[in-house]
Amino acid sequence: MKFRSRVRSSSKLTAGLLLAAFLFAGSLRALTPNEWRFSQAIDVPANGLIRLNLAVETLDAACSDLGDVRILDSAGHEVPYLIDRPMPRGESALRSQELRTALEPAATRITLTTGTKASLKGVTFETPPDIEFIKAVRVESSHDGAQWRQLASDKLIFKMAGGAANPSVSFPEGIWEFLRLTIDDSRTAAVPFTGVLLQVAETNAPVEPLPVTIKTRDESLGVTRLAIDLGAANLTVASLRIKTSDPLFARPVTIAVPELTDDGLHEQTLCTGSVYRMDVSGKVESHLEIPIDAQIRGRQMIVLIDNGDSPPLVINAVDADRRVTHLVFLAREPGRYQMLSGNNQCPVPRYDLSELGDQLKSASAVELRPASLTTSRDYKSPDSLAALPLTGATIDVAAWKFRKPIQVSKPGAQQIELDPDVLARAARDQRDLRIVTEDRQLPFLLERTSISRSVPLTPTLANDPKKPTLSRWSLKLPQAGVPIARITCAAGSALFRREMRLSEEVADERGDTFPRELGRATWKKVPGEATREFAIQLDVAPQSGTLFLETENGDNPPIDLHDFRGYYPVTRLVFKAASDSTQPVWIYYGNPDAALPRYDVNLIADQLLRADRASATLGAQENMGSKTERITQTLSGSARYIFWGVLGVVVVALLLLISRLLPKAQ
């Protein structure tokens, strides 16, 4: 069949060269299609260069690097292809050739000689680190420094104490020899700007809307945490937008994703930014988008909104855009082609097309979309966790003192949050946690999140009559050993400044108690200040069940504190539950001699991250120790030694009584 190329490119790349490149792009080995879980039909109308826009379902089914994707022609022969992930060229910042600053009665005027022929899209102001301000900016441009054209007016720049900041001003792209920036100082004092950076315009890349949902929302310690379900894995998220009805606000935002480390799952920061809606001179400026431009290997993304002392935002919805991914191949004849995906055991193909990558990506091609994803007939229903072993090694649970049943609502990937009972009685690093069904372990991953849960602290005044200027509160935890990381309270007093100290009393090996400092903070309140909570961050986790908060009042009256609460970080276990098992599943804890478990589940953590996890729950606690152990577990310090002393005296008395009752030898 005669080849008729449809390729048209501004470069000197000819159709024959393209054909030769694809025909001899590495050695194509025979493959077995039923080793791939999924296939998609591609109806090619004519021969030529084909560009596929890979759908979300294709990216979700394939490996993160798309190394398992294969293209087959109508005869079943493998066809070489090239992956194109168009990404914007990152913005670059330039220093201007010359900068002149003039202070006017109600404005600061900065004139820049750009010294560049690059297309500019904005400027970024540099200030000292501790400066706070809110200003409106007017931007003008010129080619000769005499005739000026306005590019933007009343653009908002600000820098706030909580971390929210927007030091940049954007304007229509263009090449300008001179820029004039006028900062409005009519309401507040002038800002000592230390420099101005020129923003070089980026190269655009195509995006598509990405429907996302808010899976969970948690409020803790002045931070709103949104768990965003992307609906699929391996997506390159371009940006995320927060929809809120709040009229005026400014918040720092952090975007994070769960990542596997040596000791489990942690939240890894991807990027930071700010969202705001502010009124300057009667004009409302809004910015609700966070640029991301990163590939998310899992299907979940974490959004952390720092509220500081302000109330949480009313978040109506969240939406996003994703970068498109193209697959380019050469069809030598029309017909039905197949695209295979879903084989994490196959090697990454080598087609030797990298040298022609730029030409192929920019060449004219027929744009097609594959048909919907279908499961191969010779392959069973897909299970993203098929490689995860259901059970681990056998275990003797005699040394564990406590357990709780795990209630699973459906099979598959599970996540379970550890409650205060487990956290208080397990080892500090959770090395003694085990998930067990029958007598075998279930492998799991430990996930440490940015969520905090609160527990009430029961306060009691514990002032010392010998120290009349010292205020002291006794704070009772629900149970000893809860890993409290922060305590908060509210103050009824209107005006005060106090140095606060948090401590506990712990016992040494002989039963003697001594104070142990946990944290310090300075609390201040002035009239007219918005009501807020006062907090102390603990340097170490408490060991006992009672904390002591104290402060020196000096010659001032005591302060009124109330509504004490303690906060502990949320830890989860991620595991897989069998679909056909009727045996109960337990979590065991309370064995200080246990070593940290090592499971092969770490090797396939990607599958767990990509799976849609169900939330399991914990049942009532069961004490697995002996009756004597249960009694001694409730005792601490000198009480434990008194118990053993009394028990010894009773044993000796019983032995003496028995010896008197025995008949004497003849």
Side-chain angles (χ1 to χ4, degrees), residues 37 60-61 213 215-216 227 229-233 258-260 263-266 297-300 342 344 375 379-397 400 402-419 421-423 426 430-449 451 570-591 594 596-622 624:
R37 295 183 183 179
D60 184 50
T213 57
K215 192 171 184 180
T216 60
D229 186 1
L230 302 176
E259 288 287 348
L260 181 66
D263 59 343
L265 296 174
H266 292 262
R297 295 172 61 186
R299 58 185 296 134
Q300 187 180 86
N344 57 11
T375 304
Y379 205 93
K380 64 180 181 179
S381 178
D383 179 7
S384 60
L385 302 180
L388 178 60
L390 290 177
T391 57
T394 58
I395 184 173
D396 182 4
V397 296
W400 273 259
F402 306 98
R403 72 174 184 178
K404 281 191 174 188
I406 299 177
Q407 300 165 356
V408 177
S409 59
K410 62 179 182 179
Q414 310 287 325
Q415 68 178 24
I416 186 167
E417 182 177 320
L418 303 182
D419 60 19
D421 285 338
V422 178
L423 294 173
Q430 285 85 44
R431 66 179 182 274
D432 58 339
L433 296 179
R434 299 293 187 273
I435 298 179
V436 179
T437 180
E438 297 183 271
D439 62 342
R440 303 188 71 88
Q441 303 179 55
L442 291 182
F444 65 85
L445 287 173
L446 197 65
E447 181 180 23
R448 305 186 189 277
T449 73
I451 306 172
V570 169
T571 301
R572 295 173 178 157
L573 301 185
V574 182
F575 66 100
K576 179 186 177 183
S579 58
D580 55 353
S581 176
T582 59
Q583 298 297 324
V585 181
W586 302 86
I587 180 173
Y588 282 81
Y589 51 98
N591 180 4
L596 193 68
R598 296 181 179 180
Y599 299 123
D600 292 336
V601 66
N602 291 344
L603 300 177
I604 53 169
D606 283 350
Q607 286 88 328
L608 277 175
L609 291 176
R610 295 173 60 175
D612 188 14
R613 291 180 261 170
S615 295
T617 56
L618 292 176
Q621 178 176 274
E622 296 183 13
M624 306 301 295

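The structure presented is a predicted model; accordingly, all values stated were derived computationally and were not measured.
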Output yes when a side-chain donor or acceptor of [X] lies under 3.5 Å from a complementary backbone atom of [Y], and no otherwise.
X	Y	answer
Thr449	Val570	yes
Asp439	Ile395	no
Thr437	Pro584	yes
Asp432	Gly590	yes

Measure the [atom1]-[atom2] distance between [X] and [Y] for me, rounded to the nearest 0.5 Å.
X	Y	atom1	atom2	result
Gln414	Ile406	CD	CD1	9.0 Å
Phe444	Ile435	CZ	CD1	5.5 Å
Leu573	Gln415	CG	CD	10.5 Å
Arg613	Arg299	CZ	CZ	10.5 Å
Gln430	Leu446	CD	CG	5.5 Å
Leu433	Leu596	CG	CG	9.5 Å

Carefully, step by step, assess Val397 and Arg434 under the rule side chain to side chain contact (heavy atoms under 4.5 Å, CB included).
-> CA-CA 9 Å; Val397 296; Arg434 299 293 187 273; over 6 Å; no
Answer with yes or no whether the side chains of Arg440 and Gln583 bring together a donor and an acceptor at under 3.5 Å.
->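 No - no donor-acceptor pair under 3.5 Å links their side chains.
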Side-chain donor-acceptor contact under 3.5 Å, Tyr589 with Gln621 = yes
Could you pull out the closest heavy-atom pair between [X] and [Y], with the gap in Å?
X	Y	result
Gln300	Ala227	NE2-CB, 4.0 Å
Ala614	Lys410	CB-CE, 3.6 Å
Ala620	Pro405	O-CD, 3.2 Å
Phe575	Pro443	CB-O, 3.4 Å

Result of checking Leu265, Ile451, Leu445 against Arg572 for side chain to side chain contact (heavy atoms under 4.5 Å, CB included) =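 Result: among Leu265, Ile451, Leu445, Ile451 is the only option passing the side chain to side chain contact (heavy atoms under 4.5 Å, CB included) with Arg572.
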Applying the side chain to side chain contact (heavy atoms under 4.5 Å, CB included) test to Ile587, which of Leu418, Ile416, Leu442 qualifies?
->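 Of all the options given, the one that passes is Leu418.
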